[in-house]
Amino acid sequence: RMVCWILSESVSIVVVLSWLAVNLYLFIDTFCWYEGEEAFFYTRIILGSTLAWARASAACLNFNCMLILLPVSRNFISFVRGTSMCCRGLWRRQLDKNLKFHELVAYGIAANATIHLVAHLFNLERYHLGQAEDAEGLLAALSKLGNTPNESYLNPVRTLHTNTTTELLMTLAGITGLVISLALILIMTSSTEFIRQSSYELFWYTHHIFIIFFVGLAIHGAGRIIRGQTGESLTLHNVTFCRHRYAEWQAATLCPVPQFSGKEPSAWKWTLGPVVLYACERIIRFWRFRQEVVITKVISHPSAVLELHMKKRDFKMAPGQYIFIQCPSISPLEWHPFTLTSAPQEDFFSVHIRASGDWTEALLKVFVAEGQVPKELCSLPRLAVDGPFGGSLTDVFHYPVSVCIAAGIGVTPFASLLKSVWYKCCESQSLPGLSKVYFYWICRDATAFEWFADLLLSLETQMSEQGKAHLLSYHIFLTGWDENQAIHIALHWDESTDVITGLKQKTFYGRPNWNEEFKQIAYNHPSSTIGVFFCGPKAMSKTLQKMCRLYSSADPRGVHFCYNKENF
């Protein structure tokens, strides 16, 4: 248990360090190769060390472009999650951080692309200097190669009168490099948290410029701007002997004119596999898009929450999974993720959608008529569903004790889990492996999630009837209320049910004291491995991670908290 806990805390660091190590190795190895390779000796006379900087960053750029599509291939991630069986899903939990890794690789692409671009700007300037009137010696001789028949050029800039911008737009490498750079800038700037929250559609559409990026990347090297001495020329023209005899190249038989050729493009070799994999991903998504989705029930909850019950052929789910939904009548391209709120035991799957943006507001309008009345099922627009896809909550049943913590809208993933717990209670006398579930819900305004309070009330009643009330312990914390609410709460405090939620368990006011909560849970379950599952904001996530480390015993026989954060 202790080994598992230590690894779960450090495996993300191992993944990041491994990624950094590979990048560092590729950069240093490629840099040293171009700095010492004999075939590029004459190229270095013109370009200097910026040749190695450009090629080393290009190698790292290729490596990161190979990785960038893998974390966003949802079906590939689900396949890996299903086949990974290491330390109770230890490595599978790292798959929940796929978007974080995607962002990390994107930063790697941006950094190496910047180095590559700057290095090539210096290279272009050095090529121009090689054609200057005051250029002399070996530099001038190398730049003038190609002016006579049967000679291959080394310097792609053939005249000093061409400016840098014109030269950039006259070559395939220059045009594709400019397109790639602009595409990358648009993708990176539109991916900021501010843009994603204020205009998700802008982020979604701009992000698909990656297609242009990869096409440009594949043909970028076809221009073969960077040239080196051919293998055959190296056997006839020894650079160590001939570099000082450049004035005699035309006449000397021992030093014939060196021949040069561009390096074969390699970016496509790095990215072909992931691009094909992602193309298959898109084909699967299109196939799922074409599958019929039957909407069986529409419920309009208070506070602009829409509940949809749906059926789809061969649809199988697990608690805590999510799906992507598209409504072609709203947008023919946009897919948005929503956590499943139904249990696997139910003959339908459901989502709860709160209107909190342009797309969700439009969805609410097309599904709900005036006066918040759901429309007739026959008049509803078509929906497409992709998924389901796994999340960290699927590991809840792998622990003897699980602590589930939700903040605000983060409560949605736990609806499916709590329903599943109840169904499992009804099916058997006990849950295999799971003996206790603690559920914490922290919300600013309980009325915004009245549908979940209704679900808790139903579960509370049903589990009490089954004699399983001890299995689930829930705690609701309300962090925002006004003076009138406080007076109303105080007057009705002695009633048997809570005045806010209608539940037997009273609502707490303010924020939880996590030190006291974790201390009590550790006291209640000595010598146990406890899974902590959270869905909510980053600040609270950091606090809970700290609590898990603080209250995990150094003794392998003690209590160990394993932290899991829901991501999609």
Side-chain angles (χ1 to χ4, degrees), residues 26-59 62 116 119-120 122-162 167 170-174 176-177 218-270:
L26 280 174
F27 193 94
I28 294 174
D29 182 67
T30 308
F31 189 95
C32 293
W33 193 86
Y34 275 93
E35 279 286 273
E37 176 58 30
E38 192 178 36
F40 289 92
F41 178 83
Y42 286 136
T43 315
R44 291 193 296 273
I45 296 296
I46 299 177
L47 301 180
S49 62
T50 51
L51 166 67
W53 280 96
R55 300 313 303 164
S57 56
N62 290 338
H116 187 73
H120 271 316
F122 276 102
N123 288 338
L124 195 58
E125 189 62 31
R126 286 176 181 271
Y127 278 136
H128 273 273
L129 292 175
Q131 295 288 7
E133 294 178 359
D134 58 350
E136 56 185 18
L138 181 57
L139 174 62
L142 291 171
S143 295
K144 288 181 174 58
L145 288 176
N147 290 341
T148 59
N150 300 322
E151 285 184 354
S152 60
Y153 69 88
L154 178 60
N155 189 338
V157 176
R158 305 312 302 156
T159 172
L160 182 64
H161 303 294
T162 307
E167 189 66 38
M170 286 178 62
T171 62
L172 178 64
T176 54
I219 62 177
H220 177 61
R224 303 192 179 192
I225 293 295
I226 301 297
R227 301 169 71 82
Q229 198 171 350
T230 64
E232 183 181 358
S233 176
L234 281 171
T235 61
L236 302 174
H237 180 106
N238 186 286
V239 293
T240 305
F241 177 76
C242 298
R243 60 183 176 178
H244 302 298
R245 294 171 173 79
Y246 56 87
E248 306 168 8
W249 284 353
Q250 297 288 348
T253 56
L254 291 177
C255 293
V257 177
Q259 299 296 313
F260 300 94
S261 64
K263 194 174 185 298
E264 184 181 338
S266 60
W268 67 271
K269 298 177 183 177
W270 288 83

Tell me every residue that passes ring pair (Phe, Tyr, Trp, His ring centres under 6.0 Å) with His116, counting only those two or more places apart in sequence or in another chain. His120

So CD1 of Ile46 and CG of Leu139: to nearest 0.5 Å the spacing works out to 6.0 Å

Taking only residues two or more places apart in sequence or in another chain, which ones pass side-chain contact (heavy atoms from CB on, under 4.5 Å) with Ala39? Glu37, Leu234

Quick one: list whatever passes side-chain contact (heavy atoms from CB on, under 4.5 Å) with Tyr153, sequence neighbours left out. Pro156, Arg158, Arg227

Decide whether Ser152 and Gln259 meet the rule of one side-chain donor and one side-chain acceptor closer than 3.5 Å. yes

When rounded to the nearest 0.5 Å, the distance separating CG of Leu138 from SG of Cys242 is 11.0 Å

Results of ring pair (Phe, Tyr, Trp, His ring centres under 6.0 Å) for Phe31 - residues two or more places apart only: Trp53

With Thr176 via side-chain hydrogen bond (donor to acceptor under 3.5 Å, both in side chains) - residues at least two apart: His220

Among residues at least two apart in sequence or on other chains, which ones pass side-chain contact (heavy atoms from CB on, under 4.5 Å) with Thr50? Leu47, Phe122, Asn123, Arg126

In short, side chain to side chain donor-acceptor pair (under 3.5 Å) pairs touching residues 234-244 with sequence neighbours left out are Tyr42-His237

Who passes side-chain hydrogen bond (donor to acceptor under 3.5 Å, both in side chains) against Thr230, sequence neighbours left out? none

Please list, chain by chain and in numerical order, all residues satisfying side-chain hydrogen bond (donor to acceptor under 3.5 Å, both in side chains) with Thr30, sequence neighbours excluded. none

Trace of the side-chain contact (heavy atoms from CB on, under 4.5 Å) decision for Leu154 with Thr43: CA-CA 7 Å; Leu154 178 60; Thr43 315; 3.7 Å; yes

Tell me whether the count of non-hydrogen atoms from other residues, nucleotides or ligands lying under 6.0 Å of OH in Tyr246 goes above 12. no

Only counting residues at least two apart or in another chain, list the ones meeting ring pair (Phe, Tyr, Trp, His ring centres under 6.0 Å) with Tyr34. Phe40

Reported CZ-to-CG distance for the pair Arg44 and Leu142, which is rounded to 0.5 angstrom: 12.0 Å

d(Lys144 NZ, Asn155 CG) to nearest 0.5 Å is 10.0 Å

So how far is it from Leu26 CG to Ser57 OG, rounded to the nearest 0.5 Å? 11.5 Å

Who passes side-chain contact (heavy atoms from CB on, under 4.5 Å) against Glu264, sequence neighbours left out? Arg224, Lys269

Interatomic spacing from OG in Ser266 to CZ in Arg55 - rounded to 0.5 Å: 6.5 Å

